[in-house]
Each structure stands twice: as C-alpha cells, then as structure tokens.
Amino acid sequence: MTERDTEREDSLFEAPPMAEQERMVEAILFASAEPLRVAELNARMPHGCDAAEALTHLKRRYEGRGVRLVRVGESWAFRTAPDLGFLMQKETVETRKLSRAAIETLAIVAYHQPVTRAEIEEIRGVSVSRGTVDQLLELEWIRFGRRRVTPGRPVTYVVTEEFLDHFGLESARDLPGLKELRAAGLLDSRPMPGRDEDDEAEGGQGEMFEDES
C-alpha cells in the first residue's frame, strides 16, 4: 500500500467535532491521577484528533472557574484555582521537614539545572551528602538528567514535573525571587551581611547559600 493509499484510507475516518474532542480531553484529565502530555492524550483519542487544539479551547473555557486547566512542564492537569486553595487546607502535624542542606540543594538544582554534584558543592561551598540528594530523589522533586560530556561524564540533576506541580509552576522559569523565597520560609528573613534588600534583589542566585552549621 502506497503512502497516498494510506492517506486516502485514513481520510475515511473523520475526527470528531472539536467540541467532542474537548469533552474527551476533559474526561481523560479528570480521571488521571497524574498530569498528561499531549502525546498521551492523542494516543487515547480517536484517529485524527488534535489534543493540543482541544486543550487550548478547554483552557479558555475554564478561565475564571473554581477549577483551572494548567500546564505543568510539558503536561496538563486540572487544579483548584489559587484563590480558592484555602478551602482545601487542613491543619496537620508536620512529620517530615527538609533539612536546610536539602532546601539549599533543591534551590540550586531548580535555579541552575542541569547541574552536577560538584557544581552544587561549588555554589554552596560545602560538600553535599548522599543522603541529602537521596531524600530529594525519593520525594521525586529532582531526577537524573543527561551526563555531561566532560571527563568522568558526571550525571546532572534537574527538577521534576512533580516539583513544578507541587509549587504551582508551569516551568522552572516561573521560580520566585529572593523576597518570595523568604516569604515562603525557604530563606532566612534577615538581609545578608553587608547587603540590603535592594542589593540582594539585583544580585545573583549563587549568593543565597551559606555553609552548614
């Protein structure tokens, strides 16, 4: 069968109307426990469907609603509107907190990815324990990236879609600045020695980290 014959055969099966494709995407995402990529949506839908276009229409339709269609990295998911998040809050006892070393390591990976262990240690000025990295890997907030094409081919680390989803980010480019990090309790609220708030706002991210005590 030639390519033209294949195209003719495929054309016999018309794609559903876009309104129906929107309903399909809506149903798939609603039932999914994890964000899904466009390719995964297309794979579940009838031949000829365009999940990307359906997502565009669906996102517009959910604007201003209690639930929003949001992009998480390269995937899509339904999430509660930010201004209604307080309705879902429940006071619980914090049973596991990230250490300062883990928080700083996570921040370095997020702001400098892809980054090697040696580069993390260079930025922090102290060694990074295996346990710190393992904890972040277990939380699925970081993962292994590509190996560097340098002597020893060291592995790199990057943040995951789970990390982006947890903090409500579309991509790592949406990461907050110093003031937002302090407001979230991820950095000491005191200005760094010899610097005021305005100086820090203009400074690089590499100056955020201090030695472990």
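As the structure is a prediction and not an experimental result, all values here were calculated from the model.
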Requested in this report: Could you tell me which residues satisfy side chain to side chain donor-acceptor pair (under 3.5 Å) with Arg68, sequence neighbours excluded, listed by chain and number?
Outcome: none

Query raised in the report: For Asn42, what residues pass the side chain to side chain donor-acceptor pair (under 3.5 Å) criterion, not counting sequence neighbours?
Result: none

Query - Qualifying side chain to side chain donor-acceptor pair (under 3.5 Å) pairs with a residue from residues 17-34, counting only residues at least two apart or across chains - result: Glu20-Arg23, Glu22-Arg61, Glu26-Tyr62

For the residue pair [X] and [Y], what are the closest heavy atoms and their distance?
X: Val128; Y: Glu121; value: N-OE2, 3.0 Å
X: Pro16; Y: Met24; value: CG-CE, 3.8 Å
X: Ala51; Y: Leu41; value: CB-CB, 3.7 Å
X: Pro35; Y: Ser75; value: CB-CB, 3.6 Å

**Report entry** Residue pairs involving residues 39-50 (criterion salt bridge (Lys or Arg N to Asp or Glu O under 4.0 Å); sequence neighbours excluded)
**Finding:** none

**Report entry** Stepwise side chain to side chain contact (heavy atoms under 4.5 Å, CB included) test for Phe163 and Leu169
**Finding:** CA-CA 8 Å; Phe163 167 84; Leu169 304 172; 4.2 Å; yes

Any side-chain heavy atom of [X] within less than 4.5 Å of one from [Y]?
X: Phe78; Y: Leu58; value: yes
X: Arg147; Y: Thr156; value: no
X: Gln113; Y: Val159; value: yes
X: Arg79; Y: Asp165; value: yes
X: Trp76; Y: Leu69; value: yes
X: Val25; Y: Met45; value: yes
X: Val155; Y: Thr116; value: no

**Report entry** Contacts of Arg130 that satisfy salt bridge (charged side-chain N to carboxylate O under 4.0 Å, His left out) - sequence neighbours left out
**Finding:** Asp134

**Report entry** Test salt bridge (Lys or Arg N to Asp or Glu O under 4.0 Å) applied to Glu74 and Arg37, step by step
**Finding:** CA-CA 6 Å; Glu74 297 300 321; Arg37 296 171 180 260; 5.1 Å; no

**Report entry** Shared hydrophobic cluster for Met18 and Leu29 (ILVMFWY, side-chain gaps under 4.5 Å)
**Finding:** no

Query raised in the report: Would Ile123 and Leu106 show up in the same hydrophobic cluster when neighbours are defined by side-chain heavy atoms closer than 4.5 Å?
Result: yes

Query raised in the report: Rounded to the nearest 0.5 Å, what separation is found between the CD atom of Glu104 and the OG atom of Ser99?
Result: 8.5 Å

Sidechain-backbone polar pair: [X] side chain, [Y] backbone, donor-acceptor under 3.5 Å:
X: Arg124; Y: Thr105; answer: no
X: Thr150; Y: Arg153; answer: no
X: Arg100; Y: Ala102; answer: no
X: Arg60; Y: Leu55; answer: no

Query raised in the report: Per the side-chain contact (heavy atoms from CB on, under 4.5 Å) rule, which among Val158, Leu137, Val115 passes with Ile142?
Result: Leu137

Query raised in the report: Which residue pairs satisfy the ring pair (Phe, Tyr, Trp, His ring centres under 6.0 Å) criterion with at least one member in residues 133-162, sequence neighbours excluded?
Result: Trp141-His166, Trp141-Phe167, Phe144-Tyr157

Query - Arg143 bridged to Glu161 by N-O distance under 4.0 Å - result: no

